[in-house]
Enquirer: 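Please see the structure below; I have some questions.
The sequence lines fix the lettering, A, B, ..., with proteins before strands; numbering per chain opens at 1. None of the values given here were measured: they were computed from a predicted structure.
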There are 2 protein chains.
Amino acid sequence: MERELLLLGLLRRGDNYGYHLHDFINKYMASCTNLKKATAYYLLDKMVERGWIEQKDDDSDSNYPPRRIYSLTEAGEAAFQKLLRENLSQLQPVYFTGDIGLAFLDVLDAAEARALLQQRYQAVTERLNHLEANAPKHEGAPQWVLEHHMRFLQFELSWLTDLLTRLEGV
Amino acid sequence: MERELLLLGLLRRGDNYGYHLHDFINKYMASCTNLKKATAYYLLDKMVERGWIEQKDDDSDSNYPPRRIYSLTEAGEAAFQKLLRENLSQLQPVYFTGDIGLAFLDVLDAAEARALLQQRYQAVTERLNHLEANAPKHEGAPQWVLEHHMRFLQFELSWLTDLLTRLEGV
DNA sequence: GCCCATATGGTCAGTTTTGACTAGTCAATT
DNA sequence: AATTGACTAGTCAAAACTGACCATATGGGC
């Protein structure tokens with residue numbers, strides 16, 4: 001239900017279109033979840049059925065394609081409050097798909113393994129630099145989310161450094 | 001394709017049943033990916049179609065329910081080699097669904113926010129203790145995977161500690 | 001010898017997710 | 001005034017995933 005929590009939380013700040021909700025998540029919360037546009041609409045539909053949010057056609061200025069505006073109901077607010085507390089109080093699972101490769105490191109000779117991991121190190125560095133450079137632009141992004149993400153990338157760099165030195169000794 | 005890489009890598013160590021492959025992943029690689037049994041069979045089927053692996057009925061000792069044994073083909077070995085290098089050289093995305101709650105921390109009063117995050121801290125600690133306690137039992141687990149996971153949990157603890165002290169100042 | 005819990009091995013209908021698409025708007029070039 | 005590229009808004013058929021289920025086996029306690 002994390003993605004529902006996210007959509008509810010954003011709608012709580014004001015009525016919005018599916019398009020904008022997805023766009024915001026994609027721009028500023030990409031480190032939290034991977035939510036495609038079609039999935040966003042799917043989830044919104046489901047929440048309408050559950051009565052957590054309402055949908056009305058927006059035929060105000062029709063320069064734009066016809067669109068629906070979503071808004072939170074009271075049931076939705078209650079669901080948000082519940083989901084928020086659950087999310088904060090528990091440890092949410094995190095999956096390191098990059099560790100799958102590490103499980104098979106012994107397949108490669110040490111030199112190539114190091115070379116590949118150095119490429120990964122480079123990729124992490126670039127990611128971090130990019131985040132730092134664009135940090136001011138990301139005022140829309142919730143502060144803690146961005147900071148946690150950047151610290152995590154730093155953690156990954158130190159882990160990789162450590163791993164690389166240990167692989168040298170082999 | 002990370003899950004395919006994982007299945008291929010395990011099959012590379014020896015022919016195996018779908019059941020065992022899933023079981024191993026669930027026990028020792030749960031931090032890398034979330035792979036349900038039915039999904040494992042689905043992926044195995046697809047890889048058979050692609051010619052990466054072969055399936056033969058195992059009617060050897062029929063005490064057990066009928067079962068199929070999977071084995072790597074040459075095409076599968078080639079795919080494994082390619083996927084392994086891709087996985088190691090790139091930065092694989094990691095999603096922090098726990099950060100969604102952080103984005104809405106301002107909804108709660110500071111005291112409750114701290115209390116909830118302290119519960120999360122407790123949950124992380126328990127997770128870490130559990131891993132440490134069972135570490136010897138996890139000889140099957142690839143060394144780096146386990147170590148990365150434990151270090152990550154320690155990182156999370158320090159992040160939470162820092163966050164909590166900063167929330168006190170509010 | 002019987003019952004129950006757990007383990008083995010796998011299937012399938014239903015749910016969830018997504019790539020690719022439609023279709024119009026706006027602003028800047030050409 | 002036609003072309004291009006980027007943005008707005010949403011849809012749909014196909015692909016991927018999963019909860020719940022079936023069937024047998026094995027071991028232990030009573």
Side-chain angles (χ1 to χ4, degrees), chain A residues 1-7 10-11 14-30 32-50 52-71 93 95 97 137 140, chain B residues 1-7 10-11 14-30 32-50 52-71 93 95 97 137 140:
Chain A
M1 305 302 289
E2 322 88 32
R3 327 242 275 310
E4 281 88 344
L5 169 63
L6 180 47
L7 289 166
L10 294 181
L11 280 175
D15 300 356
N16 215 334
Y17 309 109
Y19 182 87
H20 286 321
L21 292 167
H22 167 259
D23 195 49
F24 181 89
I25 291 169
N26 226 32
K27 274 197 185 112
Y28 302 124
M29 318 265 296
C32 298
T33 189
N34 181 4
L35 184 61
K36 304 293 161 61
K37 196 147 48 101
T39 311
Y41 284 105
Y42 172 75
L43 293 176
L44 287 168
D45 277 354
K46 262 195 3 183
M47 292 201 289
V48 169
E49 277 171 34
R50 271 187 219 140
W52 290 3
I53 60 181
E54 274 171 1
Q55 211 185 51
K56 16 183 180 166
D57 290 352
D58 176 20
D59 38 328
S60 55
D61 73 27
S62 46
N63 272 9
Y64 280 92
R67 52 191 188 174
R68 278 158 289 157
I69 199 159
Y70 294 95
S71 56
Y95 298 105
T97 51
K137 211 182 62 183
Chain B
M1 305 301 288
E2 322 88 31
R3 327 242 278 310
E4 280 88 344
L5 169 62
L6 180 47
L7 289 166
L10 294 181
L11 280 175
D15 300 354
N16 215 333
Y17 308 109
Y19 182 86
H20 286 320
L21 292 168
H22 167 260
D23 194 51
F24 181 88
I25 291 169
N26 224 32
K27 275 197 185 113
Y28 303 124
M29 318 266 295
C32 298
T33 190
N34 182 3
L35 183 63
K36 304 292 161 64
K37 195 148 49 105
T39 310
Y41 284 106
Y42 171 74
L43 293 177
L44 287 167
D45 278 354
K46 263 194 2 183
M47 293 202 288
V48 168
E49 277 170 34
R50 272 187 218 138
W52 289 3
I53 60 180
E54 275 171 0
Q55 212 184 50
K56 12 183 180 162
D57 289 353
D58 176 21
D59 38 327
S60 55
D61 72 26
S62 45
N63 271 10
Y64 279 93
R67 54 191 187 175
R68 277 156 292 155
I69 201 160
Y70 294 95
S71 55
Y95 299 104
T97 52
K137 212 181 61 184

Enquirer: Between C:dG10, D:dT18, D:dC7, which nucleotide has the shortest distance from any of its atoms to the side chain of A:Tyr19?
Expert: D:dC7
Enquirer: Less than 4.5 Å apart, side chain to side chain, heavy atoms only: is that true for B:Asp45 and B:Gln55?
Expert: yes
Enquirer: What integer distance in Å separates A:Arg68:CZ from D:dT8:C1'?
Expert: 13 Å
Enquirer: Given atom CD1 of B:Ile25 and atom P of D:dC17, what is their separation to the nearest angstrom?
Expert: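 One finds 13 Å between P of D:dC17 and CD1 of B:Ile25, rounded.
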Enquirer: Let me know the distance between CZ of B:Arg50 and C1' of D:dA16, rounded to the nearest Å.
Expert: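 So the CZ-C1' distance, B:Arg50 to D:dA16, works out to 12 Å.
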Enquirer: Return the nearest nucleotide to the side chain of A:Tyr42; candidates are C:dT17, C:dG10, D:dT11.
Expert: C:dT17
Enquirer: For residues A:Met29 and A:Leu6, report the shortest heavy-atom separation together with the two atoms involved.
Expert: CE-CD1, 3.1 Å
Enquirer: To the nearest angstrom, how far is B:Leu44 atom CG from D:dT18 atom P?
Expert: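 Taking atom P of D:dT18 as the reference, CG of B:Leu44 is at 14 Å.
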Enquirer: How close do A:Arg68 and A:Tyr17 get, heavy atom to heavy atom, and via which atoms?
Expert: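 For A:Arg68 versus A:Tyr17, the nearest heavy atoms are O-CD2, 3.2 Å.
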Enquirer: Report yes if a side-chain nitrogen or oxygen of A:Arg3 is closer than 4.0 Å to either non-bridging phosphate oxygen (OP1 or OP2) of C:dT17; otherwise report no.
Expert: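 For C:dT17, OP1/OP2 do have a side-chain N/O of A:Arg3 under 4.0 Å.
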Enquirer: For residues B:Leu35 and B:Asn26, report the shortest heavy-atom separation together with the two atoms involved.
Expert: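 For B:Leu35 and B:Asn26, the tightest heavy-atom pair comes out as O-OD1, 4.2 Å.
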Enquirer: Where is the tightest heavy-atom contact between A:Tyr70 and A:Tyr41, given as atom of each residue plus distance?
Expert: OH-CD2, 4.1 Å
Enquirer: Between A:Leu43 and B:Ala38, which is nearer to the 5' end of DNA chain C once each is assigned its nearest nucleotide?
Expert: B:Ala38
Enquirer: What is the distance, rounded to the nearest whole Å, between atom NZ of B:Lys36 and atom C1' of D:dA16?
Expert: 13 Å
Enquirer: Regarding D:dG10, can its base be found pairing with the side chain of A:Lys37 as donor and acceptor, where the two atoms are less than 3.5 Å apart?
Expert: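 By the distance-only test, yes, there is a pair.
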Enquirer: Taking CG from B:Asn16 and C1' from C:dG10, how many angstroms apart are they, rounded to a whole number?
Expert: 15 Å
Enquirer: Expressed as a whole number of angstroms, how long is the span from A:His20:NE2 to D:dG10:P?
Expert: 9 Å
Enquirer: Expressed as a whole number of angstroms, how long is the span from A:Asn34:CG to D:dC17:P?
Expert: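 Value for this atom pair: 12 Å.
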Enquirer: Indicate whether OP1 or OP2 belonging to D:dA15 is found under 4.0 Å from a side-chain N or O atom of B:Lys46.
Expert: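 No, B:Lys46 has no side-chain N/O under 4.0 Å of OP1/OP2 on D:dA15.
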